[in-house]
There are 2 protein chains.
Amino acid sequence: MAVPEPKKDVCSFRRHQYLARAGEAQDHIYRLEEGWACRFRVLRDGRRQIVALFLPGELCEPQWLLSHRADLPVVALTPLRATTIGMDVADAHQQHRRDLLDPVYDAMLQALNRQAEWIVNLGRKTAAERICALIHDIFTRLRNNGRLIGDRFAMPLTQYDIADIVGLTPVHVNRVFKSLRREGIIDLKSRSMWIADPTAMQQLAAE
Amino acid sequence: MAVPEPKKDVCSFRRHQYLARAGEAQDHIYRLEEGWACRFRVLRDGRRQIVALFLPGELCEPQWLLSHRADLPVVALTPLRATTIGMDVADAHQQHRRDLLDPVYDAMLQALNRQAEWIVNLGRKTAAERICALIHDIFTRLRNNGRLIGDRFAMPLTQYDIADIVGLTPVHVNRVFKSLRREGIIDLKSRSMWIADPTAMQQLAAE
DNA sequence: CGTTTGTTTGAAATAACTCAACGGGAGTGG
DNA sequence: CCACTCCCGTTGAGTTATTTCAAACAAACG
């Protein structure tokens, strides 16, 4: 009996284009092939906080397969190429296709753990520790997805983006970067980053 | 054909007793009947951050059914009574028992949303806003579970606990409480809390 | 080539922290 | 029943990390 593989449509987004609006119904999730995206929340007075970061090679918002709904907006941080994974995969439930479902559950569990980690970062770490934690997290995830370029990796985030991830001011993010650079811990030019020592970086992140 | 209902064992814990240690394998989850618990993380230098709060009537760590593992420790904040929900419920997958599974998935989705909300609170809100958000969240959840006592509700958290939730110092938590009390927004005595106006409280939480 | 977006820096203001001390209440043991 | 301890709440004074405001500069962009 032939079970059809789920169909994968390709789609692309411009920078700052929405992948989902708050409250919108969703009948598919994304897998990012190229480019970065994030989920965020804006308070009434304009304060903005990014609550999830999606890197190339990762599943974006796997929990939509359970909730069928985007609770928060998702927007492209860079130009983006993605494939869609439709709800038909959710029917794998009935088809005993754990092989299709496991990556989705896995991504959900990872998301849950990463969010817990960010609560720790925001609640209990200094500015420098938060930024080092972010850099180390990005480095590790890009490496896991085979996205290192020599001893460097893409860092397309602006200092405003980073500020909205680590819960600081863009100005202060800039000062921390300046200090990390001065001490030779990182090198960052034209959206490409190098870090001297990943293990040392993890220490600085107070992991 | 008779499908057996999942068996529910009752168990109880003392305050500060662990429901799970970090990294431990788990073959069941809990439903809290009475008492509060939390998941937390301690950094090497002792800084502590609570990343999830579990109130009476709620499922505790539903994602264990997927991961079979406690990534972070869970501890009782008060004396605790709970029932267990075993892995056999996970087999509901194969039995098409969505009726058993839905509450679990629902709890997972709620946990995910609450965590996102806390990232916003910690990243972008002032001390008073964070504490009001916590009070409002607790009030709402207790009300949803029918745990209000007249116009009051149980608040067994110490100011140390609260500090570790909202990412502040116990001393500063105390000062914020003092100010909320002075303005007649809350009343708190002998572990029982009253709030003047839930809607106003939500406003103070910067929503 | 002008415009916009992002980075960098300085000086002053402030929210939250640290340190230190005291007081009350709840157990506990004599 | 008292004394002792421990935990928790409370308060004050001084310090610091981060923000705010303002401005200039660089880079990307159409």
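Order of the sequence lines sets the chain letters (A, B, ...), proteins ahead of strands, with each chain counted from 1.
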Is [X] near enough to [N] that one of its side-chain N or O atoms lies under 4.0 angstrom from OP1 or OP2?
| X | N | answer |
| --- | --- | --- |
| B/Arg191 | C/dA26 | no |
| A/Gln159 | C/dT5 | no |
| A/Lys178 | C/dT8 | no |
| B/Arg15 | D/dC8 | yes |

Taking [atom1] from [X] and [atom2] from [N], how many angstroms apart are they, rounded to a whole number?
| X | N | atom1 | atom2 | value |
| --- | --- | --- | --- | --- |
| B/Leu188 | D/dT10 | CG | C1' | 13 Å |
| A/Ile162 | C/dT5 | CD1 | C1' | 15 Å |
| A/Leu180 | C/dT7 | CG | C1' | 16 Å |
| A/Lys189 | C/dT7 | NZ | C1' | 16 Å |
| B/His172 | D/dA17 | NE2 | P | 16 Å |
| B/Leu168 | C/dT18 | CG | P | 11 Å |
| A/Leu77 | C/dT5 | CG | C1' | 15 Å |
| B/Asp161 | D/dG9 | CG | P | 8 Å |

What is the nucleic acid contact for A/Tyr160, judged by heavy atoms within less than 4.0 Å: base, sugar-phosphate only, or nothing?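 Here A/Tyr160 touches the bases of the nucleic acid.
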Using a 4.0 Å heavy-atom cut-off, does A/Arg181 contact any base of the nucleic acid, only the sugar-phosphate backbone, or nothing at all?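 The answer is sugar-phosphate, as A/Arg181 gets under 4.0 Å only of primed atoms, P, OP1 or OP2.
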Please compare B/Val171 and A/Lys125 by the position of their nearest nucleotide in DNA chain D and report the one closer to 5'.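 That would be B/Val171.
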Nearest heavy atom decides the nucleotide; on that basis, is A/Ser190 or B/Leu157 closer to the 5' end of DNA chain D?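 Comparing both residues, the 5'-ward one is B/Leu157.
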Hey, which of these two, A/Arg124 or A/Phe177, hits DNA chain C nearer its 5' end, going by closest nucleotide?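 By nearest-heavy-atom nucleotide position, the 5'-most residue is A/Phe177.
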Within 45° of the axis and under 6.0 Å from the centre of the six-membered ring of B/Phe153, does NZ or CZ of B/Arg143 qualify?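 Not satisfied by the 6.0 Å and 45° rule.
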Whether the A/Thr158 and A/Asp161 side chains hold a donor-acceptor pair (N or O, under 3.5 Å, no angle test) is what I'd like checked.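 Yes, side-chain donor-acceptor contact under 3.5 Å.
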Quick one: sort the A/Tyr30 and A/Phe13 rings into parallel, tilted or perpendicular, breaks at 30° and 60°.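 Answer is perpendicular, since the angle exceeds 60°.
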Pair A/Arg44 + B/Glu207, salt bridge at N-O below 4.0 Å: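 No salt bridge links A/Arg44 with B/Glu207.
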Ion pair check, B/Arg152 and B/Asp187, cut-off under 4.0 Å: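 A salt bridge is present here (some side-chain N lies under 4.0 Å from a carboxylate O).
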Does B/Arg175 make a side-chain donor-acceptor contact with the base of D/dG12, cut-off 3.5 Å?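 Indeed, a donor on one side and an acceptor on the other fall under 3.5 Å apart.
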Compare the minimum distances between each of C/dC17, C/dT7, D/dT20 and the side chain of B/Thr169, then state the nucleotide with the smallest one.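 Output: C/dC17.
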Per B/Asn174 side chain, nearest of listed nucleotides C/dT5, D/dG9, D/dC8: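 Minimum distance to the B/Asn174 side chain belongs to D/dG9.
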